[in-house]
Every structure is written in C-alpha cells, then in structure tokens.
Amino acid sequence: MTAGKLMVPHSRPTLGEEEVQAVAEVIRSGHVAQGPCVQEFERSMAAYMGLKGAVAVGSGSVALELALLALGIGEGDEVILPSYVCTAPWLAVVRVGALPRIVDIQPSTYGIDPEEARKALSSKTKAIIVPHPFGLPADLTRLQTFGIPLIEDCAQTLGAAEAGRTVGTVGIATVCSFYATKLLCTGEGGMVLSNDPAMIEKMAALRDYDERPSLEAAAFNRKMTDLQAALGLRQVARLPSFLAKRSAIAEAFTRLLGSTGLGLPQVPRGRTHVFFRYVVRLPAAKDDPGTLQPPLEQVLANLERRGIQCRRPVFQALHQYLKLEGFPASEEASHTALSVPIYPSMTEEEVRATAEALCEELP
Ligand SMILES: *Cc1c(COP(=O)(O)O)cnc(C)c1O
C-alpha cells in the first residue's frame with residue numbers, strides 16, 4: 001500500500017472523549033474492580049433489552065458458559081447450534097461437558113435452519129443456542145415451537161426485531177459480547193440476561209469464587225471491572241445513534257452496489273436488520289455457474305491492495321473444523337460470503353471508497 005492512500009479497516013470501535021472521561025472517573029474513584037459501575041451497566045442493559053436481570057462478565061464466551069451452567073447442562077446432555085458461527089458457542093458447550101449437535105443454516109439469512117434443528121432434536125436435547133448473525137434475528141417463531149430452552153446469542157445483534165419482538169426477549173437466557181469490534185465496546189466483556197429470577201441468581205453466584213458457604217467446583221472468577229462497565233455505560237447511551245448510523249451506511253451500500261453482480265443482504269418480512277455486518281455474496285462465474293469468478297481469497301487480496309479490508313464473516317465453519325459432511329448452506333456461505341466494512345465512525349469518503357472498490361472488483 002502506498003503512503004497517504006485511504007485505508008478502510010474492517011472494524012473500528014466508536015470511542016471518544018466521553019469514554020475517556022468515564023474511565024478516568026473510575027480510576028480517580030479508586031474503585032476499579034467489579035462495583036457500582038458494573039451494577040449500573042447491568043441495570044442499563046436490562047432496561048434496554050426489556051429484561052428483569054443481567055449479570056456482567058468478562059466475555060461473551062463466559063456469558064454463554066454461565067447460561068449453560070445455570071440451565072444445569074453438562075455431561076450426557078446435547079445442545080444444538082449452527083455450523084456457520086464463530087467457535088465460541090461450540091467451545092462453551094464442550095467446556096460444560098455437553099455434546100454439541102451442529103446443524104446447517106438458512107442460506108439467505110445465515111440463521112440456524114429451524115427444520116435442521118428439529119431433525120437434530122433428541123431426548124437429550126437441553127437447549128438450542130440461537131445466534132442472530134450479522135444483525136439479523138434468527139427465526140425465533142419457529143424455533144420456539146419445539147419447546148426447548150433457547151439461549152439467544154445477541155453478540156452481533158441488539159435492538160432488531162422478529163415478529164414484533166426484540167431479540168433477546170424470547171429465550172430463557174440472552175448473551176451479549178462487548179468485545180472491541182462488537183456493537184458495544186468495553187474492550188473485552190460480556191453479559192447474560194434473563195427474565196427468570198432463579199436463572200439470574202444462579203448466574204450471579206457462579207461469576208465469583210470467594211466468600212461462599214461451600215466449595216463449588218464450577219465457581220470461578222468471571223467478573224467484569226468497573227473500568228469496562230464505565231465504557232459500557234457510555235456506549236449503551238450511544239447505541240441508538242450507533243444503530244441509526246449503521247442503518248444509513250447499509251442503505252448507502254445497497255444503493256451503490258445495486259448494479260453489481262453481488263448478492264446483497266436479505267431481510268425476511270417481519271424482521272429488522274441492524275447491520276453489525278454488511279455481508280455480500282460473490283457472484284457465480286458467467287461461463288461456469290458452478291464456480292466463482294474470481295474466488296473469495298482473490299477478491300479479499302485485491303480489495304486489501306486497494307486499502308479496503310474485507311473479511312470472511314465467519315473464519316471457518318464448525319463442520320469444516322470438525323471435518324463433517326452435509327452442511328451445504330454453511331459450506332456455500334464459507335466460499336461466497338464477504339463482510340464489508342461497516343461501523344458508526346465510517347466517514348462518507350470511506351463508504352464511497354469501499355463501494356467503488358467493490359464495484360470495480362466485482363462489476
Ligand atoms: C463475539 C461472539 C461471541 C463471543 O464473544 P467474546 O466476547 O469474544 O467471548 C459469541 N457468539 C457470537 C455470535 C459472537 O459474535
């Protein structure tokens with residue numbers, strides 16, 4: 001890359017003076033571990049989600065683990081989850097000693113395919129982990145009909161709706177991540193929320209190891225600090241403006257990329273999309289519809305050379321790590337889906353440069 005050329009990173013947190021002030025105040029207060037800011041952040045997130053309680057923890061991964069533990073899931077139990085997702089949900093299931101049952105996604109939404117989930121149900125199924133991928137709610141309405149507890153993974157989606165309900169309000173537990181590049185940033189961090197007081201109590205108890213009436217092997221240090229929570233509080237207050245900006249950028253991309261051969265994001269009727277990611281599909285080659293022209297690797301490298309950092313939306317599908325066959329939609333997504341930079345701090349110039357590079361690479 002030549003010096004001075006515009007470089008558009010794939011992700012960038014939106015942090016400003018407000019966040020600097022908030023963290024500085026915590027440092028001056030002398031109370032930097034889990035304390036009043038964590039409590040306030042929990043209240044603030046529970047209010048935003050419309051849920052009764054929240055437990056802030058060190059990461060989204062830990063939040064998933066707490067939800068599974070609080071449901072009493074362990075050895076001999078099965079948990080259903082989709083293949084086309086980051087490894088965190090699979091790792092959480094394995095960490096509590098349960099068996100992950102991986103199923104395919106719906107090709108157009110990237111959400112877990114309810115029909116495939118239904119086929120994977122057994123007498124041992126104790127929960128379904130439902131990621132809402134890239135900002136779009138999964139098909140909660142159909143997943144709910146199985147009568148199996150749903151753990152909603154909202155790490156990529158907040159504020160979006162399905163059938164008139166906001167994501168996070170349908171499952172027995174809802175998991176958030178506040179990793180640097182997520183919708184809300186605390187550096188690292190996560191939260192698990194629920195409407196069930198017993199669940200909330202169990203999860204809060206499992207987050208700390210000290211000052212307990214008895215030794216419990218599952219107890220651990222899973223806490224968030226007030227330094228992180230102070231950041232989180234500022235970020236939640238800004239969330240509506242973040243989502244408005246994302247939506248405006250997505251509209252611009254949809255307009256600017258409409259004439260390319262790219263498959264643009266689909267939003268099924270009755271759902272809203274908050275565009276954590278703007279995921280496009282590479283077109284098939286004109287002479288051979290079975291192959292891509294050019295392949296994803298090449299497109300990523302060409303765009304990078306132009307200073308536009310795109311990414312695979314999922315590094316590798318779970319069935320690929322596990323060398324399993326029979327996941328055609330996840331397999332296809334891993335070869336054709338491309339995540340385009342989108343975040344609230346993107347400038348108009350960056351949006352235009354990104355769209356231009358895509359139009360030139362994939363006319
Ligand atoms: C980021 C993410 C997680 C894990 O969150 P961490 O805070 O990184 O542990 C889990 N599920 C999904 C869908 C994610 O995007």
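Numbering of ligands and ligand atoms starts at 1, following listing order.
Which parts of ligand 1 touch Gly60 is read off a 4.0 Å heavy-atom cut-off, strictly below it: atoms 5 (O), 6 (P), 7 (O), 9 (O). Close approach to Ala88 involves these atoms of ligand 1, each under 4.0 Å from a residue heavy atom: 3 (C), 4 (C), 10 (C). With ligand atoms numbered from 1 in the order given, ligand 1 contributes 7 (O), 9 (O) to contacts under 4.0 Å with heavy atoms of Ser59.
Taking the six-membered ring wherever Trp is involved, the centroid distance between the rings of Phe178 and Phe41 falls below 6.0 Å.
Of the protein's non-hydrogen atoms, the one nearest atom 3 (C) of ligand 1 is Lys182 NZ, 3.7 Å. In terms of protein heavy-atom proximity, atom 13 (C) of ligand 1 is closest to Asp153 OD2, 3.4 Å. Protein heavy atom nearest atom 8 (O) of ligand 1, with residue, atom name and distance: Ser177 OG, 4.0 Å. The single protein non-hydrogen atom nearest to atom 9 (O) of ligand 1 is Ser61 OG, 2.7 Å, given as residue, atom name and distance.
An N or O contact shorter than 3.5 Å links Gln156 to ligand 1 by distance. Ligand 1 has no nitrogen or oxygen under 3.5 angstrom from a nitrogen or oxygen of Pro89.
The residue Pro133 has no part lying near ligand 1, judged by heavy-atom distances below 4.0 Å.
Under the 4.0 Å criterion applied to side-chain N and carboxylate O atoms, Arg306 and Glu360 are assigned as salt-bridge partners.
Classification of the Tyr84-Phe134 ring pair by plane angle, with boundaries at 30° and 60°, yields perpendicular.
Inter-residue side-chain proximity for Ser247 and Glu251 is flagged as met; some heavy-atom pair is nearer than 4.5 Å. Residues Asp153 and Val130 fail the side-chain proximity criterion, which asks for heavy atoms closer than 4.5 Å. With a 4.5 Å cut-off on side-chain heavy atoms, Leu81 and Leu318 count as touching. Counting only heavy atoms from C-beta outward, the side chains of Glu40 and Leu233 approach each other to under 4.5 Å.
The 12-atom threshold is exceeded at OH of Tyr321, counting heavy atoms of other residues, nucleotides or ligands nearer than 6.0 Å.
Contact annotation: Gly190 has no heavy atom less than 4.0 Å from any atom of ligand 1.
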